[in-house]
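To start, the structure under review is shown below, and the notes come after it.
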Number of protein chains: 2
Amino acid sequence: MDNAKLKKQVKDKFTEYLTFHNCRKTPERFAILDHIYSTKGHFDINSLYKSMIDINFRVSRATLYNTIELLLDCGLVVKHQFGGNVSTYERAYGNDNHSHLICIACGNVQEIKNGNLFAHNQQKKIKKFTVHYYSMYIYGICNKCDQEKKTKTKNLPQK
Amino acid sequence: MDNAKLKKQVKDKFTEYLTFHNCRKTPERFAILDHIYSTKGHFDINSLYKSMIDINFRVSRATLYNTIELLLDCGLVVKHQFGGNVSTYERAYGNDNHSHLICIACGNVQEIKNGNLFAHNQQKKIKKFTVHYYSMYIYGICNKCDQEKKTKTKNLPQK
DNA sequence: ATGTATGCAAACCATTTGCAATGAC
DNA sequence: GTCATTGCAAATGGTTTGCATACAT
């Protein structure tokens, strides 16, 4: 897999960022970055914490929060808040921009590609604002919940 | 102002929703809805709470949370989580869809119109998902913070 | 009369903070 | 040797919950 290549690129980028900002290059920081780029998809601090413990790498939650902050700042990670009260995160480097379909019934999140959504419709209209990134969230009912609702309605016509 | 007309429409819609779901039509619920539609822009539970107290209408935060939940469910209010740990809300009825420009330096949020962003680019691509609403969040640096940064950089060339 | 909705206060829990110990430089 | 960073535990604060009371139906 060329995931190794990707990991090297993000590590280099992070190193550069840390150097530029006079931050220390601690093993924790690189381990966290590496771990994030070892798995695809969304994660939250708690799942990250647990999966690093599984890998036998001990970190505190405090350090995870600190490091995520740096990774957000240097654009290697993106943060989402889909509706609950946990923040979820996602790799940002080498990750095509996509929209999120969020089911308001079950909370499940799917991703869909979104071509050049932003470039075509928005970018030219924005004055006096330097864009770093953007996120499109589409809320509704997923197929699974929709089916369940229909079934339920059939069985219990009125409530 | 024809805000009275708008208020009547949302009240009717809410009444219909409450009736359909066998929920009680309490004065608190209508007062909250009315209050929300008396002011434009974003609000959070705390600011709503305080401004209702100012109006001499006593409600508990618990009731605000409960009622907001109903209003979200019937589409009269939309929820945003811009990055901090407070949820902010916004009127949804009669409110043109717009994107949000969120400054990652100062947290300020501006709105911009977004034509038919969704209709043109996304709707046709979504299968097996019933869309209720969508939100576009654009993160970056606002003009004000950008100016400050430049000034700072001039004064302190290196750090 | 019945049971839902309210208000209060306590509980919850993700995130933040303070501080002593560690370790990158 | 310094001082930023870590880890732990305590604090914070938005949101949720439990329960007695009020009130819509």
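This structure is a prediction, so every number in the text was calculated from the model and none was measured. Reminder, nothing fancy here: chain letters follow the sequence lines and each chain counts from 1.
The neighbour count for Glu16(A) CD, taken as heavy atoms of other residues, nucleotides or ligands under 6.0 Å away, does not exceed 12. Within a 6.0 Å radius of NZ in Lys25(A), other residues, nucleotides and ligands contribute more than 12 heavy atoms.
Neither OP1 nor OP2 of dG7(D) sits under 4.0 Å from any side-chain N or O of Arg61(A).
Under a 4.0 Å N-O distance rule, the pair Lys50(B)/Asp54(B) does not qualify as a salt bridge.
Both Phe57(A) and Tyr89(B) sit near DNA chain D, but only Phe57(A) has its closest nucleotide nearer the 5' end.
Bounding nucleotides for the chain A contact on DNA chain C, 5' to 3', at a heavy-atom distance below 4.0 Å, are dA14(C) to dC25(C).
Across the protein-nucleic acid pair, Tyr65(A) atom OH and dC8(D) atom P stand 16 Å apart, rounded to whole Å. Rounded to whole angstrom, the span from the CD atom of Glu69(B) across to the P atom of dT15(D) amounts to 11 Å. Tyr49(B) has its OH atom 15 Å from the P atom of dT15(D), to the nearest Å. Atoms CG (Asn85(A)) and C1' (dT12(D)) sit 15 Å apart, rounded to a whole Å. The interatomic distance linking His21(A) (NE2) with dA4(D) (P) rounds to 16 Å, in whole Å.
There is a path of hydrophobic side-chain contacts, each under 4.5 Å, that joins Tyr49(B) to Leu72(B). In the hydrophobic cluster analysis, where Ile, Leu, Val, Met, Phe, Trp and Tyr join through side-chain heavy atoms closer than 4.5 angstrom, Met136(A) is grouped together with Val131(B).
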Which protein N or O atoms sit under 3.5 Å from an N or O of nucleotides 17-19 of chain D?
none

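Ring centers of His42(B) and Tyr89(B): at least 6.0 Å apart, outside the cut-off.
The shortest heavy-atom contact between Asn3(B) and Tyr37(B) is ND2-O, 3.3 Å.
In summary, of the residues considered (Gln110(B), Lys113(B), Glu90(B)), a side chain to side chain donor-acceptor pair (under 3.5 Å) with His98(B) occurs for Glu90(B) alone.
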Problem set entry | Sugar-phosphate or base contact per nucleotide [nucleotides 20-25 of chain D; S, B, -; heavy atom under 4.0 Å] | ---BBS

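In this structure, Lys11(A) is positioned above the aromatic face of Phe30(A), its NZ or CZ under 6.0 Å from the six-membered ring centre and within 45° of the axis.
Between Tyr137(B) and Tyr139(B), the ring-plane angle classifies as tilted under the 30° and 60° cut-offs.
Contact of the His100(A) side chain with the Ile138(A) side chain is not registered, since no non-hydrogen atoms from C-beta on lie closer than 4.5 Å.
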